[in-house]
2 protein chains.
Amino acid sequence: MLNQTEALDRTFHALSDPTRRGMVKRLSRGPASVGELAKPLDMSLPAVLQHLEVLVACGLVRTEKIGRVRTCRIAPAAMKTAEQWITERRATWERRLDRLGEYLAEQHEGGKR
Amino acid sequence: MLNQTEALDRTFHALSDPTRRGMVKRLSRGPASVGELAKPLDMSLPAVLQHLEVLVACGLVRTEKIGRVRTCRIAPAAMKTAEQWITERRATWERRLDRLGEYLAEQHEGGKR
DNA sequence: GCGATAGTTAAGCAGATGCTTAACCAAACC
DNA sequence: GGTTTGGTTAAGCATCTGCTTAACTATCGC
């Protein structure tokens, strides 16, 4: 099992590359073979494989080989971890800004009287 | 102005490092000086500055120098861009899985009759 | 069996990252 | 005006990334 910090490291790192985001985008619409993933990309097949490995290593993608074809599909759980981290941060600062807003409003109220 | 792809590259990359996520986490709770950001971290001040630069470059953090202290605060907009990308992907695959679910349910219905 | 197809492994390389130390600058303090 | 405090710049270095090409393996279709 991957610890939380390392999981986030890997997931955000995986998403920081446009090629990998493209692959995730493609797979969001449905499963695809390695070849199908590679077709729109302007790079060698081994390069595509390496990107795929990164996506698999962080759990964003699962793959399964049947015959000579490897089929790739999205595994939503890893994405949820990343999403959740962002959501938590937002919750924290929004709460804080709300409090600040209330405070300023009160100040203003006070000034009007 | 940064184009969308490059903005996502930079933002996800910035978030892929635990030190930088720590800084963002700290700043979510409120503004801090460079020194305050550095205090809990086990690394030199220049290293902290370099992490801070990454966060500023992708727009996750704004800074302002008054006298000799530089105050840092988060700038929520960049985070929203990243969050939105994830949300869009999720929308796509959830729609797809829903359709798939309906299809399977229909199949099942059909089988029962 | 034999060639075409789909993917895999290995080695190597240019450039980016994440640190370090050393030297430096400017506001604040006394 | 000299010293501390808070931050900055520059240079250097080990490691990691994202590719490449070359060589290889395992099916599939005939």
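Each chain gets a letter, A, B and so on, in the order the sequences are listed, and its residues count up from 1.
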Quiz item: Among dC19(C), dT20(D), dT17(C), which is the nearest nucleotide to the side chain of Met43(B)?
Solution: dC19(C)

Quiz item: Taking atom C1' of dG6(D) as reference, at what distance in whole Å does atom CD1 of Ile66(B) sit?
Solution: 14 Å

Quiz item: Charged N to carboxylate O below 4.0 Å: is that the case for Glu64(B) and Arg70(B)?
Solution: no

Self-check item: Pairwise 5' ranking along DNA chain D for Gly67(A) and Ala47(A), keeping only the more 5' one
Solution: Ala47(A)

Practice problem: Select one nucleotide: of dT8(C), dG18(C), dT21(C), the one nearest the side-chain heavy atoms of Arg20(B). | Solution: dG18(C)

Quiz item: Considering the options Leu60(B), Val48(B), Ile74(B), which one meets the side chain to side chain contact (heavy atoms under 4.5 Å, CB included) requirement together with Met23(B)?
Solution: Val48(B)

Quiz item: To the nearest Å, how far apart are Glu64(B) CD and dG7(D) P?
Solution: 14 Å

Quiz prompt | d(CZ, Arg70(B); C1', dC25(C)) in whole Å | solution = 13 Å

Exercise. Return the nearest nucleotide to the side chain of Gln50(B); candidates are dG18(C), dT8(C), dG18(D).
Key: dG18(C)

Self-check item: Whole angstrom value for the distance that separates C1' of dT21(D) from CG of Leu49(A)
Solution: 15 Å

Exercise. With the side chain of Lys65(A) defined as its heavy atoms from C-beta on, choose the nearest nucleotide among dT21(C), dG7(D), dG7(C).
Key: dG7(C)

Quiz item: In whole Å, what is the span from the CD atom of Glu53(B) to the P atom of dA16(C)?
Solution: 16 Å

Quiz item: With distance as the sole criterion, do the side chain of Arg68(A) and the base of dA6(C) form a donor-acceptor contact below 3.5 Å?
Solution: no

Quiz item: Does Arg89(A) make a cation-pi contact with Trp85(A) (under 6.0 Å, within 45 degrees of the axis)?
Solution: yes

Quiz prompt | Under 3.5 Å donor-acceptor, Arg10(B) side chain and Ser16(A) backbone | solution = no

Quiz item: In whole angstrom, what separates Leu52(A)'s CG from dT17(D)'s P?
Solution: 17 Å

Quiz item: Given dG7(C), dC19(D), dG7(D), which nucleotide is nearest the side-chain atoms of Leu45(B)?
Solution: dG7(D)

Quiz prompt | Residue mapping more 5' on DNA chain D - nearest nucleotide basis, Thr71(B) or Asp42(A) | solution = Thr71(B)

Quiz prompt | N/O (side chain, His51(B)) to phosphate O (OP1/OP2, dC19(C)) under 4.0 Å | solution = yes

Quiz item: Val69(A) side chain: which of dA6(C), dC19(C), dT21(D) is closest?
Solution: dA6(C)

Exercise. Check whether any side-chain N or O of Ser44(B) sits under 4.0 Å from OP1 or OP2 of dT20(C), and answer yes or no.
Key: yes

Quiz item: In whole angstrom, what separates Leu41(A)'s CG from dC19(D)'s P?
Solution: 9 Å

Quiz item: Would you say Val56(A) and Arg62(A) make side-chain contact, with heavy atoms under 4.5 Å?
Solution: no

Self-check item: Whole-Å distance separating the CG atom of Asp9(A) from the P atom of dC16(D)
Solution: 14 Å

